Amino acid sequence: MREFDGATPTAEIVAYVDHLRTLRDSGGDLVDLLPEQSPIYHGRAAGAAERLRGYILASFERTGLPDSAIAFVIEELEGGHNPYVIAAAAKAARGATTLPAQIVPLLLDAIERIRQSDDVVYFECAAPSGNAAQPATALMELFRTLAWLGPRASIALPSLKAMLECHPPAFSDAVRAEIENAVSALSRPSAAPSCCADEAMPARSVPSPQAPIEHIELQDQNGVVFKFDDFFAGRPSLLTFFYTRCINPNKCSLTITKLARVGRRADAGGLRGRINIAAVTYDPEFDLPRRLYLYGTNRGLVFDDRTRLLRTTGPFEPFRQCFDLGVGYGSTTVNQHRLDTLVLNGLGRPVASFARVQWREDDVLDALKSALTAGAA
Amino acid sequence: MDVKDYRKRYEADLAAHAASTAASLRPPGVAAAAAVVDATQQRLMEIKRVPSDRADLSKKIQALLATLGNEKEPTVVRLAALKALGAATFLGENFAPYHADYLNTLRQIARPGTDPQLCEAALGVLAAEKDPDTQKLLQRGLQDAKFALVPPAKALQLLSYDDHANISELALSLFNQTDDLGVKEAALRVLATDAKSQDLFAKLLEDKSQPVSLRTLSATGLNFLNPQRFADVARTIVMDDSESEDIRDSSLGALASAPDNRALQDDSGFHDRVKELGADNSLKDLSVAARRMIAKP
């Protein structure tokens, strides 16, 4: 793969991506450009980084979607908020040979999520040309993917028909034409099952700590300072990551809200005092204790000795490296990040990992209980 | 009275008022010019008309988009259409079918050659949407004045709508290069989102030779980024009788509003000085701020 970094002009990277689009089996090279911490995004504005990532993602429609890229598609459809990247994910899905069964509900969720923020999207060159005739919009791309799925997406038919029956119309004429097209594609008779391949998402391997972390200094929402091991060693922990300036409500804000819910359920299940519940900010320079306190409190988090929001007192980078976290930075703050949640054992080592897609509270609680049992054994 | 009747009567009154205003402005004997004024007034009245139902709303939004995108329309009419569309965006679901067209139309306007006022208004909406292409246009204009679509202070203000836009380095460079106080102020507002600006804010706040507006913005910025560091600098300023009363007053006000100022409350030297300031009737706002600080539990 060619060497790019955050200083490489976008046009140069786009030209390289365009070249990859013409090659067979270039999917792997494109996947290498997707992780948030990739050097190509370093130092770019969040909007510019997302635009570039969307452009790369959309390429899979032509090159074919490798299995290793499916999680990126699911992630955007599940929780993305930028219409451009969501549309790119929808296009990428059209390059797949098999897709997880949840793809249809995820497409419908994404439609609902961006219904009021639809925008024109261009994937033939990164800089939009104002002269293109009848440009597609993000919603149009989502409906085109449903049409591409055809009868395999037939469970979406009632929803699509309801969208067409809305009065006054809930979509523009151009989008309605795509819905009508999708309805007719989904209604075609087919011997195929009414869903996609019922494949579960590949589980993420548990990251092995890449660097020593036990002496990293942390500060909690009350300003108390301690070393990593002072808090995390001795009992299993739920550890997740966030930052208070995150602009996607489906990411950090939801993560801390879910953390608070897990805390309440852990208390009710008799786990109080036996586990740690913590989240560390990606943006420690900005997220000072008072901000952490307010962010957690406003999302229902009840702080105690074993439930804390944390910041590193020094740089976050050692933490990122240690747990192989998917986060990239512009010059001021985070520009992109994935969801990363870990369950640590009593030695502070990861024993379960939930990355990129939304974690379920039941799964996290089960992993915590398993870690407790293993620790006792 | 029926709401529809009331609306009709109100609109008729407005139209009559507009017509009489236009007539009074009319230069005698210039019939053609008067006709243009009348036509424009009518267009403005039509734009301001409230739709009667949802079907009418749909037609109205489409007409507004056409007006906004029509280069042959007078700027005042296009600006009115933009304002009306801005209000319509608050209709949420009802505006959703037109959102993509709206942004696309604005992008056609936000470019060189468009009337500057209209261009600035379009850039404002797109910047609020955190549109990456708009941010690129604005940054290009800040880096090279010949590409500027709006003045530098305005460009900085529009870019500051997105604290993920990565413009703190550019803002710092502009701050250091320019003598224009307005641009310096706009740059400081941008820098208040970057934790790395703390040293600059502390330096400006302590520097009595700086304009009051820059010192006040620095106080706000430092308090936002690092309240503890602000409290340390502000304490010195409040205690310093040679300081400007404005800066002392702002600093004390911010300290009094801090969620946790126990450290200062326990500082007997500071506490005694604030008491003295509160009792000093020769001071105005500073005395009031001091009494507020003392009264805080």
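Each chain gets a letter, A, B and so on, in the order the sequences are listed, and its residues count up from 1. Just so it is clear, the structure is predicted and the values come from calculations on it, not from any experiment.
At distances below 3.5 Å, not a single donor-acceptor pair connects side-chain atoms of H164(B) with backbone N or O atoms of N335(A). Within the 3.5 Å criterion, the main-chain N or O of S331(A) finds a donor-acceptor partner in the side chain of N166(B). Counting only distance, with no hydrogens or angles, the side chain of K130(B) and the backbone of A46(A) share no donor-acceptor pair below 3.5 Å. The main-chain N or O of T193(B) is found under 3.5 Å from a side-chain atom of R245(A) such that the two form a donor-acceptor pair.
Within 6.0 Å of atom CD in E71(B), 12 or fewer heavy atoms from other residues, nucleotides or ligands are found, so the atom counts as exposed in its surroundings. Residue K196(B) qualifies as enclosed at atom NZ: its count of foreign heavy atoms under 6.0 Å is above 12. For E217(A), the CD atom is densely surrounded, since the number of other residues' heavy atoms within 6.0 Å is greater than 12. Applying the 6.0 Å contact sphere to CD of E180(A) captures more than 12 heavy atoms from other residues, nucleotides or ligands. Other residues, nucleotides and ligands place no more than 12 heavy atoms under 6.0 Å from the CG atom of D173(A). Within a 6.0 Å sphere centred on NE2 of H81(A), other residues, nucleotides and ligands contribute more than 12 heavy atoms.
Most heavy-atom pairs under 4.5 Å with chain B, from the set R44(A), Q116(A), H167(A): that is Q116(A). Residue with the most contacts toward chain B among A174(A), P169(A), S172(A), P83(A): S172(A) (heavy-atom pairs, distance under 4.5 Å). In terms of heavy-atom pairs under 4.5 angstrom with chain A, the leader among S197(B), P132(B), S168(B) is P132(B).
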> What's the verdict on side-chain contact (heavy atoms from CB on, under 4.5 Å) for E93(B) and R115(A), showing C-alpha distance, side-chain angles and the deciding distance?
Replying inline: CA-CA 8 Å; E93(B) 289 210 352; R115(A) 203 160 58 79; 2.9 Å; yes
> Going through the checks in order, is the side-chain contact (heavy atoms from CB on, under 4.5 Å) test met by D133(B) and R51(A)?
Replying inline: CA-CA 10 Å; D133(B) 296 320; R51(A) 180 69 69 85; 3.4 Å; yes
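Contact record, A170(A) with A96(B): O-CB, 4.5 Å, taken as the closest heavy-atom pair. For S117(A) against H99(B), the heavy-atom pair with the smallest separation is C-ND1, 3.4 Å. Considering all non-hydrogen atoms of both residues, A100(B) and T137(A) come closest at CB-CG2, 3.8 Å.
Only the side chain of T333(A) has a heavy atom closer than 4.5 Å to any heavy atom of chain B. Proximity to chain B (any heavy atom under 4.5 Å) is restricted, for V334(A), to the backbone atoms N, CA, C and O. Residue contact with chain B, scored on non-hydrogen atoms closer than 4.5 Å, is absent for V175(A). With a 4.5 angstrom heavy-atom cutoff, L225(B) touches chain A via backbone and side-chain atoms both. In this structure, chain B has a heavy atom under 4.5 Å from the side chain of R290(A), while its backbone stays farther away.
For the side-chain contact (heavy atoms from CB on, under 4.5 Å) with D119(A), the qualifying choice from D101(B), N104(B), L103(B) is L103(B), the only one to do so.
Less than 6.0 angstrom separates the ring centroid of F286(A) from the ring centroid of F224(B).
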